[in-house]
There are 2 protein chains.
Amino acid sequence: MSAGQTAEGVPTIYHVAQRAGVSIATVSRVLNGHDQIRPATEERVLEAVRELGFVPNASAQGLSKGLKRIIGLVFANSWWEDDPTSVEENSLLFADELIRGAQLAADRHAYSVLLLSSGVTHRAHHAAFSEVFGKVDALVLLDRVVRQERVGPIAKRVPVVLLAGSGRSRLATTIRVDNAGGMQALAEHLVLVHNMKRTAFLGGLADSPDNEARFSAFRAAVTELGGSCESDEPWSADWTSSGAVAAVGRRLALRRRLPEVIVCANDQMAIGAMHALAMAGLSVPGDVAVVGFDDIPVARYLSPPLTTVRQPIRQLGAAAVESLVMRLQGHEPARDVVLPTELVVRGSCGCPATPGLGLGAEAPAGGKGR
Amino acid sequence: MSAGQTAEGVPTIYHVAQRAGVSIATVSRVLNGHDQIRPATEERVLEAVRELGFVPNASAQGLSKGLKRIIGLVFANSWWEDDPTSVEENSLLFADELIRGAQLAADRHAYSVLLLSSGVTHRAHHAAFSEVFGKVDALVLLDRVVRQERVGPIAKRVPVVLLAGSGRSRLATTIRVDNAGGMQALAEHLVLVHNMKRTAFLGGLADSPDNEARFSAFRAAVTELGGSCESDEPWSADWTSSGAVAAVGRRLALRRRLPEVIVCANDQMAIGAMHALAMAGLSVPGDVAVVGFDDIPVARYLSPPLTTVRQPIRQLGAAAVESLVMRLQGHEPARDVVLPTELVVRGSCGCPATPGLGLGAEAPAGGKGR
DNA sequence: TTGTAAGCGTTATCAC
DNA sequence: GTGATAACGCTTACAA
C-alpha cells in the first residue's frame, strides 16, 4: 500500500504534506529549519502542523538520522531492588540529584534521559542488559553497575561515561568527585582545629570505589597529621542509616574507649551514628563528634547540624551528559574529570553551631534569605 | 545502495543473517522467539548474534512495530530548575521514590522510563513540550505539570496517567494517595489520644492539589472532633525545610499563644519546623508537637523521631506504569486509583518513643531530647 | 521451515 | 524552491 493515510491514527508527515499541498520533503525541511523555503509555503506547512497536531515520530527520526537523542543512565540493580527490608537509603538523594543534573544538561541539548538498571530481567526469555544499547545513543554507567571487564565491549559500541568510579579506566571517560581533597580538608579541620587524634572511620560497602577512596584518603591524611584511625570490623556498614546504627551499637558493646570523632562515608550513616549515640545517652559533639560526606539537604537541620563534605552530585550528572553529547557531536572531551568537593563546617564536629536566626535558608557560605 | 553492510559500524540484522547463512526474516523470528524454527538454524543464528554482539536497533523496532516500549515520566519544570538558591527540597525523595517505582514496574514489562520536564526549552527554535510525544508510547504526568485544559489534547494522542492530582479528570486515568484518610487518622490520634484541640497546619504551595487535600481533610477532621486549626498567613511555606523554618519564625514573632501541635504537609517542612522550634529554645514535643506527611527515610532518625503519615510513593509510580502498560496492551484499567496511606506514630507527637534496642532499623528510644 | 518483499515515518540526495 | 525517491533496520504477511 502506498504510504500516507494511517487509517485514523496519529498524523504523519504525509498528512501534513497533503493538507499543506506540498511534498513530504518540504514538510521535513520546514520542520528542520532549512532556509530557502518560500515564506508562504512555510506558513502553510506550519499551519497544517498546528491543525493536525502533528508530532514527528521519534523512531522514524532516529532510524533516519541515526541518532535517537536519548542518553541512558544506568543504575546498579540493587539500587532499585524491590526488597522492602533493605531500604537502600544510600541511593536516596544521590540518585535524585544525579538524575536532575543529567536531565538539565540533556534538556539543554535536546536530549532525553532514559533510566535503566543493569540487571534487566523482564522476560525470562532472552533478557539481556545489552538490549538497552538499542534504545540509546550513549550511556552513563554508575559505579559498579558492570564489572570492569564488561566496560570495554560496551564502550566499544556506544560512548560511555563511568561515574563515581575509581577513575582508572582508559576504556571510557571517567567523571568523579574529589574524595581525596574533601577528606584531606576534613582531616585537617579535625586535627588542627579540634585537636582530635583518635578518629574512627565508618565505611559503606567495602567494594565501592567511593568508599575506598574516602577511607584511604582520610586515613592517610589523619596519620600524616599525627592522628590515628580506627576502622576494623565494627565500623563497617552498608551506606544506610540503619546499618550505621548497628555498627555503632557493635562498637559500643565492646565497651572500649571511644574515638573522639566518627567520620562517616556518607551523611545517611552519620545520621544513623548520631542516632545510635543519642540512644546510648552520649552527646554529639560533647562525647563524640560525628561528621559525614555528601551534604544532603537535611544535614543542616539535624541537631547538631552536620559537618560534612559537600559533593556536587548534580554537576556530576550534568558533566556526564555534557561529555557524552560532546562525543556524539564529534568532539573529544576530557578522559578523566574530577569535580571539587568542599568542607562544610557546622556543629557536629564541635564547632560552635552557627547562631543563625533560623530564618531563611542558612547556607554555610553565608546564605541570604531570599 | 542495497541494504546490508554498514561500512564498519554497528552490526545489523543483515550482518547476522549473512553470517548465519539465512535471511533476515529468519533472524528476526529467532530473536522474537517464534517457534517453528529448526533448532539447528536457531543455533546458527544465535551464534552469529553472539559473535557479532548484535543488538537490535530500537528505533527500527519501534518504527516497525509501532511501539517504542518507552514510557515518559513528566515532571514540572520547577522541580528541575537550576536555581541554586531555591533548593526545591520538596521533590527530593519524592521524585526519587516515584522514579524507582516506575522503573521497577516498567522493567517487569520490558519497558523503559524516559524522564521529561514540562518546560522544554532547549532549542529556541521550535521547542515544544509536544515533541516528547514522539519518543514515548505513554505518559505519566505529575501533579500540575500541565494545566487542566491541556490534558485533554494530550490524552487524546497517547495514554496518560495523572499522578497525585485532585483526582477529578475524566480525560485520563488518575492515581493518587489517600490524603484524606491519612489526615483523618492523624487528627483522630492527636485529638483522641493526646487531647490536642489547638492545632496549626503548615501548608506547602497553595496551588497544589495534595496540599489542598491534606489541609481540608485535616481541618474537617479536627473540627469534627471538636478541635480547631490555625492556618493563616504565617503558616504557609513552599514544601521546603527552609520555607518551614521561615514560616515558624514568622509565627513565633507574633508572640501569640502557640498551638499544641504543628501539622506539616510534608516531612521536609516538619524537619524545618522542628529545627526552628529548637532554635527558639522550645522543645518538641514538650512545648509543641510536630507531625509530618510522607515518612521519608530520615523521619525515624530525627530526635524526636517524627510521627507522620506514610504514603506509598514507590507504589504510586509503579501503579502508574502498570496502568499504562495495561492500556497499551488493550485492556481498560481503572479510571481512578487511590492508594492507602498509613499513620506512623513515633515520638514527635508526644507518644512515648518506642524503646527499641537501636540495633535494628526500628523506630527507637526517646532520643533523650537535648 | 524459510525466503521475498512490502511497509513503518523520517531524512537526505538528486533532479527539475 | 520544491518534488520524487532511496535509504535507515526491523517485522510480518505472503509465498514457496
Side-chain angles (χ1 to χ4, degrees), chain A residues 1-7 9-45 48-49 52 54-69 131 133-137 157, chain B residues 1-7 9-45 48-49 52 54-69 131 133-137 157:
Chain A
M1 177 188 61
S2 69
Q5 304 308 92
T6 302
V10 179
T12 71
I13 199 174
Y14 285 93
H15 298 119
V16 176
Q18 177 166 21
R19 180 138 195 158
V22 298
S23 74
I24 60 166
T26 298
V27 175
S28 180
R29 290 192 189 100
V30 170
L31 260 29
N32 289 288
H34 281 216
D35 26 1
Q36 284 173 317
I37 290 187
R38 186 184 305 150
T41 309
E42 168 156 12
E43 190 37 60
R44 286 217 313 286
V45 171
V49 167
L52 264 37
F54 168 77
V55 174
N57 178 317
S59 288
Q61 289 184 312
L63 224 208
S64 184
K65 301 218 245 211
L67 236 211
K68 305 170 185 70
R69 296 204 91 89
E131 275 185 16
F133 298 170
K135 288 185 173 180
V136 305
D137 298 318
R157 271 224 164 332
Chain B
M1 178 187 65
S2 70
Q5 305 305 94
T6 302
V10 178
T12 71
I13 199 173
Y14 286 92
H15 298 118
V16 176
Q18 177 167 23
R19 180 138 195 157
V22 298
S23 74
I24 59 167
T26 299
V27 175
S28 178
R29 291 191 189 103
V30 170
L31 260 27
N32 289 289
H34 283 213
D35 25 3
Q36 283 173 316
I37 291 188
R38 186 183 304 150
T41 309
E42 169 156 11
E43 190 39 59
R44 286 217 312 288
V45 171
V49 166
L52 265 37
F54 169 77
V55 174
N57 178 318
S59 288
Q61 288 184 311
L63 186 52
S64 183
K65 299 216 248 219
L67 238 211
K68 304 170 185 72
R69 295 204 92 87
E131 275 185 14
F133 298 170
K135 289 185 173 179
V136 306
D137 298 317
R157 271 223 165 333

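Residue numbers start from 1 in every chain, and the chains themselves are labelled A, B, ... in the order their sequence lines are given, proteins ahead of strands. These numbers come from the heavy atoms of this one structure, side chains and all, not from hydrogens, waters or symmetry mates.
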For this session: Residues of residues 57-68 of chain B with any non-hydrogen atom less than 4.0 angstrom from an atom of DNA chain D: list those, numerically ordered, please.
Result: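 Result for residues 57-68 of chain B: Asn57(B), Ala60(B), Gln61(B), Ser64(B), Lys65(B), sorted by number.
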How many Å lie between [atom1] on [X] and [atom2] on [N], as a whole number?
{"X": "Arg69(A)", "N": "dT11(C)", "atom1": "CZ", "atom2": "P", "value": "12 Å"}
{"X": "Ile13(A)", "N": "dC8(D)", "atom1": "CD1", "atom2": "P", "value": "19 Å"}
{"X": "Asn32(A)", "N": "dG9(C)", "atom1": "CG", "atom2": "C1'", "value": "13 Å"}
{"X": "Gln18(B)", "N": "dT2(C)", "atom1": "CD", "atom2": "P", "value": "18 Å"}

For this session: Return the set of residues passing side-chain contact (heavy atoms from CB on, under 4.5 Å) with Ser64(A) (not counting sequence neighbours), or none when no residue passes.
Result: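 Ser64(A): no side-chain contact (heavy atoms from CB on, under 4.5 Å) contacts found.
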For this session: Apply side-chain contact (heavy atoms from CB on, under 4.5 Å) to Leu63(A) and list each qualifying residue two or more places apart in sequence or on a separate chain.
Result: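 Testing Leu63(A) for side-chain contact (heavy atoms from CB on, under 4.5 Å), a comparison that skips the adjacent residues, returns Ser59(B), Ala60(B), Leu63(B).
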Exercise. Do any pairs count as a salt bridge (Lys or Arg N to Asp or Glu O under 4.0 Å) and have a residue in residues 12-28 of chain A, sequence neighbours left out, and if so which ones?
Worked result: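 Qualifying pairs, neighbours excluded: Arg19(A)-Glu51(A).
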Exercise. Restricting to pairs with a member in residues 55-67 of chain A, which pass salt bridge (Lys or Arg N to Asp or Glu O under 4.0 Å), not counting sequence neighbours?
Worked result: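 Salt bridge (Lys or Arg N to Asp or Glu O under 4.0 Å) check on residues 55-67 of chain A returns no pairs.
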For this session: Check every strand shown and say whether Val55(A) touches a base, only sugar-phosphate, or nothing at a heavy-atom separation below 4.0 Å.
Result: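 Val55(A): backbone/sugar contact only, no base atoms under 4.0 Å.
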Exercise. Angle, rounded to 10°, between the helical axes spanning five pairs at each terminus of the helix from dT1(C)-dA16(D) to dC16(C)-dG1(D)?
Worked result: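 One end's axis against the other's: 40°.
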Go through the structure and list residues passing side chain to side chain donor-acceptor pair (under 3.5 Å) with [X], not counting sequence neighbours.
{"X": "Thr41(A)", "answer": "none"}
{"X": "Arg29(B)", "answer": "none"}
{"X": "Lys68(B)", "answer": "none"}

For this session: Go through the structure and list residues passing salt bridge (charged side-chain N to carboxylate O under 4.0 Å, His left out) with Arg44(B), not counting sequence neighbours.
Result: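 Salt bridge (charged side-chain N to carboxylate O under 4.0 Å, His left out) check on Arg44(B) returns nothing, list empty.
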For this session: Identify the two heavy atoms, one from Val22(B) and one from Val45(B), that lie closest to each other, and give their separation to 0.1 Å.
Result: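 Shortest heavy-atom separation between Val22(B) and Val45(B) comes out as CG2-CG2, 4.0 Å.
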For this session: Provide the closest heavy-atom pair for Tyr14(B) versus Ile24(B) in the form atom of the first, atom of the second, distance.
Result: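 Here Tyr14(B) and Ile24(B) meet closest at CD2-CG2, 3.5 Å.
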Short N/O separations, protein against nucleotides 1-5 of chain D, under 3.5 angstrom:
residue	atom	partner	partner atom	Å
dT2(D)	OP1	Thr41(A)	OG1	2.4
dT2(D)	OP2	Arg38(A)	N	3.0
dG3(D)	OP2	Ser23(A)	N	3.0
dG3(D)	OP2	Ser23(A)	OG	3.2
dG3(D)	OP2	Thr26(A)	OG1	2.5
dG3(D)	N7	Arg29(A)	NH1	3.4
dG3(D)	N7	Arg29(A)	NH2	3.3
dG3(D)	O6	Arg29(A)	NH2	2.4

Exercise. For Phe133(A), which residues count as a ring pair (Phe, Tyr, Trp, His ring centres under 6.0 Å) partner, sequence neighbours excluded?
Worked result: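 Phe129(A).
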